[in-house]
Amino acid sequence: MKSTTYLLVAHGSRGRDGNRETLAFAAQWQARHPDWRIEVCFIEHADVLLDEGLDRAAAGAGTVVAIPFILNAAGHVKMELPAAVETARARHPQVQFIVTRHLGMGRELFAVLQGQLDRLMKQLAVPDPQTTGVVLLGRGSSDVGANGELAKMTRWLYEENEHELVDLAFTGVTWPRLETIVQRQARLGMMQIAIIPVYLFTGVLIERIGEQVARLRQQYPQLAFALGQHFGFDEGIFALLDARVSPDALAGGLLECDGCKYRELAEAEHLHDHSHTAIASPAHAHGHHDHAHEHAHHGCAHSHA
């Protein structure tokens with residue numbers, strides 16, 4: 001009986017530390033499931049990209065379960081991954097390819113974010129939540145559905161806590177940005193601000209966030225800032241991943257935009273070849289890669305029940 005390969009499909013980071021953390025996470029997940037076969041690939045900025053990762057996972061396997069190791073479903077999850085899986089099915093007709101849902105913004109992820117906020121409040125010496133603003137800081141996408149998922153988490157944090165202000169900001173692509181939200185919260189009388197980056201692993205953007213907060217501390221000396229960490233190794237992420245590959249989860253449900261009439265119309269314009277971002281080919285690397293194109297998917301912002 002041929003085995004099942006579980007393939008973690010991560011975003012990929014221009015900073016090598018982020019990819020190393022992803023591989024370290026996979027090693028820890030493997031240790032929890034020593035009988036499983038777990039592989040890793042990246043959508044861009046890495047040695048092993050999607051096509052190669054799918055081929056590696058398919059070698060000697062009867063089933064490949066591809067797991068989008070990504071928090072929000074934008075262009076990568078809705079178009080690039082399904083397209084890569086379709087071509088992999090053609091290359092490996094004897095292998096069954098299954099794609100799970102991405103990590104998503106549900107109760108499991110909310111619990112991780114709430115834990116982050118609780119730790120930041122302790123770091124601030126447990127101040128009055130009415131004078132402590134909260135900022136959920138996401139990557140940002142031109143996909144309104146992906147941004148809306150983060151907005152949902154922002155609302156849930158507001159509902160479950162007693163903070164006067166719980167706002168959403170983005171590090172790029174869309175608005176508002178962190179500086180704008182901090183300025184607004186300062187004007188509204190906040191004395192402390194807790195910033196929660198919604199990121200699994202480190203990378204260029206995490207470094208940028210640290211630099212931004214250092215500058216904000218100088219600009220607003222009257223405010224106390226607490227900055228959260230990326231949370232990819234949180235116990236809740238391992239539990240969420242286990243849930244994504246459980247038999248019940250694999251038995252039903254559609255991949256984001258699988259069977260969606262808008263996907264085919266959008267693919268021609270928005271699918272991109274990421275082979276130039278492979279780490280193995282530095283001579284062809286684009287140092288000024290614009291992430292705005294990665295998430296462009298305006299036609300399919302609806303959800304699939």
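Numbers here are sequence positions counted from 1.
Hydrophobic clustering of Ile, Leu, Val, Met, Phe, Trp and Tyr side chains at less than 4.5 Å, counting indirect connections, keeps I206 apart from I237. The cluster map of Ile, Leu, Val, Met, Phe, Trp and Tyr, joined by side-chain heavy atoms under 4.5 Å apart, puts V182 and V134 in different clusters. L168 and Y199 fall into different hydrophobic clusters, defined by Ile, Leu, Val, Met, Phe, Trp and Tyr side-chain heavy atoms under 4.5 Å apart, directly or through other members. Cluster annotation: V112 and F110 are assigned to the same hydrophobic cluster (Ile/Leu/Val/Met/Phe/Trp/Tyr, side-chain heavy-atom contacts under 4.5 Å, transitive). Under a hydrophobic-cluster definition in which Ile, Leu, Val, Met, Phe, Trp and Tyr are linked whenever side-chain heavy atoms come within less than 4.5 Å, directly or via other members, L240 and V198 are assigned to the same cluster.
Taking every heavy atom of both residues into account, A10 and T22 meet most closely at CB-CG2, 3.7 Å. The two residues M105 and K152 come nearest to each other via the heavy atoms O-NZ, 2.9 Å. Taking each heavy atom of V40 and A26 in turn, the nearest pair found is CG2-CB, 3.4 Å. The shortest non-hydrogen separation linking Q130 to M190 is O-CE, 3.4 Å. Closest of all the heavy-atom pairs between P197 and I209 is CB-CD1, 4.2 Å. Residues V9 and A66 share a closest heavy-atom pair of CG2-CB, 4.3 Å.
Taking A169 as the reference, V135, L137, I181 meet the side-chain contact (heavy atoms from CB on, under 4.5 Å) condition, with sequence neighbours excluded. Take Q94 and apply the side-chain contact (heavy atoms from CB on, under 4.5 Å) test, not counting sequence neighbours, and it matches K2, H92. For W36, the ring pair (Phe, Tyr, Trp, His ring centres under 6.0 Å) criterion is met by Y6, W29, H33, not counting sequence neighbours.
Contact annotation: the side chain of E164 never approaches that of T131 to less than 4.5 Å [non-hydrogen atoms, C-beta and beyond]. By the 4.5 Å heavy-atom criterion applied to side chains, F97 and V95 are counted as neighbours. No side-chain heavy atom of I98 sits less than 4.5 Å from a side-chain heavy atom of T4. When side chains are defined from C-beta on, M121 counts as touching P127, because their heavy atoms get closer than 4.5 Å. Taking the side chain as every heavy atom from C-beta outward, N72 and R139 never approach each other to under 4.5 Å. No side-chain heavy atom of D55 sits less than 4.5 Å from a side-chain heavy atom of E52. Using a 4.5 Å cut-off on side-chain heavy atoms (C-beta onward), L216 and I193 make no contact.
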Would you please test E39 and L7 for side-chain contact (heavy atoms from CB on, under 4.5 Å) and show each step?
CA-CA 5 Å; E39 299 278 348; L7 176 65; 3.8 Å; yes
Yes or no on salt bridge (Lys or Arg N to Asp or Glu O under 4.0 Å) for R208 and E211, after CA distance, side-chain angles and deciding distance?
CA-CA 5 Å; R208 184 183 302 168; E211 294 169 357; over 6 Å; no
Using the rule given for side-chain contact (heavy atoms from CB on, under 4.5 Å), can you reason through D128 versus T132, listing the C-alpha separation, both sets of side-chain angles and the distance that settles it, and then say yes or no?
CA-CA 6 Å; D128 184 350; T132 305; 5.5 Å; no
V65/T100 under side-chain contact (heavy atoms from CB on, under 4.5 Å): CA gap, chis, key distance, verdict
CA-CA 7 Å; V65 178; T100 75; 3.5 Å; yes
Check against side-chain contact (heavy atoms from CB on, under 4.5 Å), F25 and L200:
CA-CA 10 Å; F25 176 95; L200 287 172; over 6 Å; no
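Sorted by first and then second residue, the side-chain hydrogen bond (donor to acceptor under 3.5 Å, both in side chains) pairs involving residues 215-229 (not counting sequence neighbours) are E179-R215. Sorted by first and then second residue, the pairs that involve residues 224-244 and meet salt bridge (charged side-chain N to carboxylate O under 4.0 Å, His left out), not counting sequence neighbours, are R32-E235, R119-D234. Among residues at least two apart or in separate chains, there is no ring-ring contact (aromatic ring centres under 6.0 Å, His included) pair with a member in residues 160-180.
The number of heavy atoms from other shown groups lying within 6.0 Å of CZ (R107) is above 12. Atom CD of E159 has more than 12 heavy atoms from other residues, nucleotides or ligands within 6.0 Å. Annotation for F225: atom CZ counts as buried by contact number, over 12 foreign heavy atoms lying within 6.0 Å.
How far CH2 of W156 is from CG of N161: 13.5 Å, rounded to the nearest 0.5 Å. Atom CG of L136 is separated from atom CG of L150 by 6.0 Å, given to the nearest 0.5 angstrom. One distance of note links CD of Q114 with CE of M153; it measures 11.0 Å at 0.5 Å rounding. Rounding to the nearest 0.5 Å places CG of L54 at 10.0 Å from CZ of R89. Here S13 contributes atom OG and N19 contributes atom CG; the two are 5.5 Å apart, rounded to the nearest 0.5 Å. Note that CD of Q212 is 9.0 Å distant from CG of L205, once rounded to the nearest 0.5 Å.
Ring orientation note: the planes of F201 and F233 are nearly perpendicular, at an angle over 60° on the 30°/60° scale.
The closest donor-acceptor contact from the side chain of E21 to the backbone of T202 lies under 3.5 Å. Distance alone, capped at 3.5 Å, places no donor-acceptor pair between the E44 side chain and the L49 backbone.
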